[in-house]
There are 2 protein chains.
Amino acid sequence: MDLNFDPPASKTTAEQIAAQLRIAILNGKLLGGEQLRQDKLAKAFQVSRIPLREALSHLQAEGLIEIIPNRGAVVTHLSLQEVEEIYAMRQALEPLALERAIPHMTAEDFRDAEIILEQIDNEDNFARWGELNWAFHESIYRPSGMRILLKTVEGLHNNVVRYLQVTPLGNQGYLAKSQEQHRQLLDLCRRKEIHDACVLLENHLTGPVEFLRKQQTDL
Amino acid sequence: MDLNFDPPASKTTAEQIAAQLRIAILNGKLLGGEQLRQDKLAKAFQVSRIPLREALSHLQAEGLIEIIPNRGAVVTHLSLQEVEEIYAMRQALEPLALERAIPHMTAEDFRDAEIILEQIDNEDNFARWGELNWAFHESIYRPSGMRILLKTVEGLHNNVVRYLQVTPLGNQGYLAKSQEQHRQLLDLCRRKEIHDACVLLENHLTGPVEFLRKQQTDL
DNA sequence: ATTGACAAGATTGTATACAATTATAAAATA
DNA sequence: TATTTTATAATTGTATACAATCTTGTCAAT
């Protein structure tokens with residue numbers, strides 16, 4: 001029997017384009033405020049504007065772009081206040097997922113998480129850091145079985161991750177601290193110390209906000 | 001100067017159709033599992049399939065329908081477990097909004113909320129209850145200024161509200177209790193008793209889940 | 001010099017038409 | 001009879017073409 005819930009292999013053109021644009025935005029190749037002209041993008045991807053429009057529609061739903069009727073699409077541009085809002089939401093939601101995930105974690109889950117942490121250590125391409133960082137977080141939330149929550153938090157993560165990648169040199173220290181916390185977190189999960197794990201996680205999620213505040217970037 | 005941030009008056013056809021379909025789903029006119037054929041809907045709304053497809057795309061993003069490539073759209077159908085998951089998320093997010101809203105509440109905010117509560121008392125059309133219920137909740141969260149959080153929670157509310165409207169007769173008692181809690185909540189907000197207000201709100205959000213569990217409806 | 005009106009160009013929104021995929025039901029085989 | 005095959009119809013995905021809307025630059029009026 002086929003129990004695969006994931007989207008079918010034959011993805012539609014719109015989804016493929018959405019995926020590529022999403023990566024471009026997340027990696028900062030498309031900057032906030034940048035205009036997205038349907039005609040040019042359609043030619044760039046060598047498709048008509050119809051599937052492209054659907055792709056833009058998806059990205060709007062994820063909050064990555066904004067579509068203004070008759071005036072086109074613009075890459076979203078978050079204020080520091082909005083970034084703080086998203087982190088406040090993540091602090092509320094992610095401990096909830098972790099709390100419910102810990103009782104169901106298996107040896108395989110821990111191994112998967114460890115592998116991702118090693119990949120983060122060895123990765124020198126900063127554009128991939130966000131992807132791997134989310135992969136780790138998701139790996140420790142997934143045993144909760146809360147698919148709706150995970151989808152929501154993934155969207156939140158995607159909306160803020162690009163602001164952490166703007167200064168590859170400056171965040172060397174932040175990165176090391178983040179990895180240290182990841183490992184502590186995993187240890188607490190192994191010991192089933194749910195409360196401490198959640199507190200640490202909440203703390204872990206304050207780091208980026210402080211990091212951004214210090215940079216004084218008016219975003 | 002125009003400081004209006006809301007979507008412009010001239011809505012696109014796709015948005016109008018999405019709005020109508022959304023109401024139909026929220027009110028239970030389109031039941032879970034129901035197939036949505038593009039051709040028939042396009043004829044019903046007297047438009048081509050292009051704007052209709054965009055409308056469906058929006059609804060999918062909100063979680064109200066699911067689009068399977070080459071196989072069409074189906075109205076989403078939540079399990080009791082998924083409803084519980086959504087309420088767990090709301091319990092995490094809404095007190096956060098309330099906590100930050102209370103310090104900024106003005107006399108006008110309280111008056112608006114009161115008016116909505118009276119409307120709920122006088123409303124005998126159950127289809128509108130969900131709408132008004134959300135209007136109340138939003139009115140007490142809005143002073144927080146957390147637009148992203150509000151948008152997220154509105155989406156969560158929309159996904160579960162139809163399950164509370166299935167048995168108009170049975171929930172007479174639930175409705176009265178809900179209104180009582182709304183008024184207590186508003187009182188606590190007036191007194192700036194933030195902690196108690198948040199606790200009450202969290203409690204208020206457990207009611208529907210218990211109500212649904214008792215009904216034994218396998219949804 | 002500044003403001004407002006207006007036309008040309010650019011850009012988005014939608015309808016029609018066609019291609020690709022999937023669902024169905026009848027026919028063929030075991 | 002049960003199961004596979006195959007052909008037909010139904011449905012979705014996409015390209016092209018056209019209509020509606022917005023932007024931009026020019027020019028007249030105050």
Side-chain angles (χ1 to χ4, degrees), chain A residues 1-2 4-22 24-25 30-62 64-77, chain B residues 1-22 24-25 30-31 33-62 64-77:
Chain A
M1 192 184 350
D2 182 15
N4 181 14
F5 269 63
D6 292 346
S10 82
K11 282 179 185 171
T12 190
T13 312
E15 289 178 62
Q16 292 176 3
I17 293 174
Q20 294 194 51
L21 285 175
R22 189 180 299 115
I25 295 173
L30 290 175
L31 296 176
E34 193 155 337
Q35 279 265 346
L36 301 176
R37 296 267 123 98
Q38 298 179 0
D39 217 2
K40 291 185 180 177
L41 287 176
K43 277 178 189 163
F45 287 109
Q46 303 203 342
V47 295
S48 91
R49 275 173 38 227
I50 304 283
L52 184 96
R53 285 172 61 82
E54 297 210 350
L56 293 180
S57 199
H58 288 181
L59 296 177
Q60 178 181 39
E62 296 170 27
L64 295 178
I65 70 173
E66 187 179 7
I67 299 176
I68 304 160
N70 295 317
R71 290 177 56 179
V74 182
V75 177
T76 309
H77 159 91
Chain B
M1 192 181 355
D2 181 18
L3 288 175
N4 181 15
F5 270 65
D6 292 344
S10 81
K11 283 178 185 171
T12 190
T13 312
E15 289 178 63
Q16 291 176 1
I17 293 174
Q20 294 194 51
L21 285 175
R22 189 181 299 115
I25 295 174
L30 288 174
L31 297 175
E34 194 156 336
Q35 279 265 345
L36 301 176
R37 298 294 182 203
Q38 298 180 359
D39 217 2
K40 291 185 179 175
L41 287 175
K43 278 177 188 164
F45 287 110
Q46 303 202 343
V47 295
S48 89
R49 276 173 36 226
I50 304 283
L52 185 96
R53 285 171 62 82
E54 298 211 349
L56 293 180
S57 199
H58 288 179
L59 296 176
Q60 178 182 39
E62 297 170 26
L64 295 178
I65 69 173
E66 186 180 7
I67 299 176
I68 305 159
N70 295 317
R71 288 177 57 177
V74 181
V75 178
T76 309
H77 158 93

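Every chain is numbered from 1, with letters handed out A, B, ... down the list of sequences.
Within a heavy-atom distance below 4.0 Å of DNA chain C, no residue of residues 35-45 of chain B is found.
Straight-line distance from the CG atom of B:Leu52 to the P atom of C:dT14: 11 Å, rounded to whole Å. In this structure, the CD atom of A:Gln16 is 12 Å from the C1' atom of D:dG13, given to the nearest Å. Nucleotide C:dT14 holds its C1' atom 8 Å from the CD1 atom of A:Ile50, rounded to whole Å. As rounded to whole Å, 14 Å separates atom C1' of C:dT12 from atom CD1 of A:Ile65. One interatomic measurement links the two molecules: CZ of B:Arg53 to P of D:dT14, which rounds to 7 Å at whole-angstrom precision. Going from atom CD of B:Glu54 over to atom C1' of D:dT14 covers 13 Å, rounded to whole Å.
Applying the salt bridge (charged side-chain N to carboxylate O under 4.0 Å, His left out) test to every pair with at least one member in residues 34-49 of chain B, sequence neighbours left out, gives no pairs at all.
Side-chain contact check for B:Leu41 versus B:Leu21: some heavy-atom pair is nearer than 4.5 Å. Under the 4.5 Å side-chain criterion, counting only non-hydrogen atoms from C-beta, B:Glu15 is not in contact with B:Glu54. In this structure the side chain of B:Leu36 reaches within 4.5 angstrom of the side chain of B:Leu30, judged on heavy atoms. Inter-residue side-chain proximity for B:Val75 and B:Leu31 is flagged as unmet; no heavy-atom pair is nearer than 4.5 Å.
Closest non-hydrogen pair, B:Ala55 versus B:Ala18, comes out as CB-N, 3.6 Å.
Nearest nucleotide to the A:Asn70 side chain, out of D:dT14, C:dT14, D:dC22: D:dC22. Residue B:Thr12 has its side chain nearest to C:dG13 when only D:dG13, D:dA15, C:dG13 are considered. With C:dA15, C:dG13, D:dT23 as the candidates, the nucleotide lying closest to the side chain of A:Arg49 is C:dG13.
Between A:Arg71 and the phosphate of D:dT23, there is a side-chain N or O to OP1/OP2 separation shorter than 4.0 Å.
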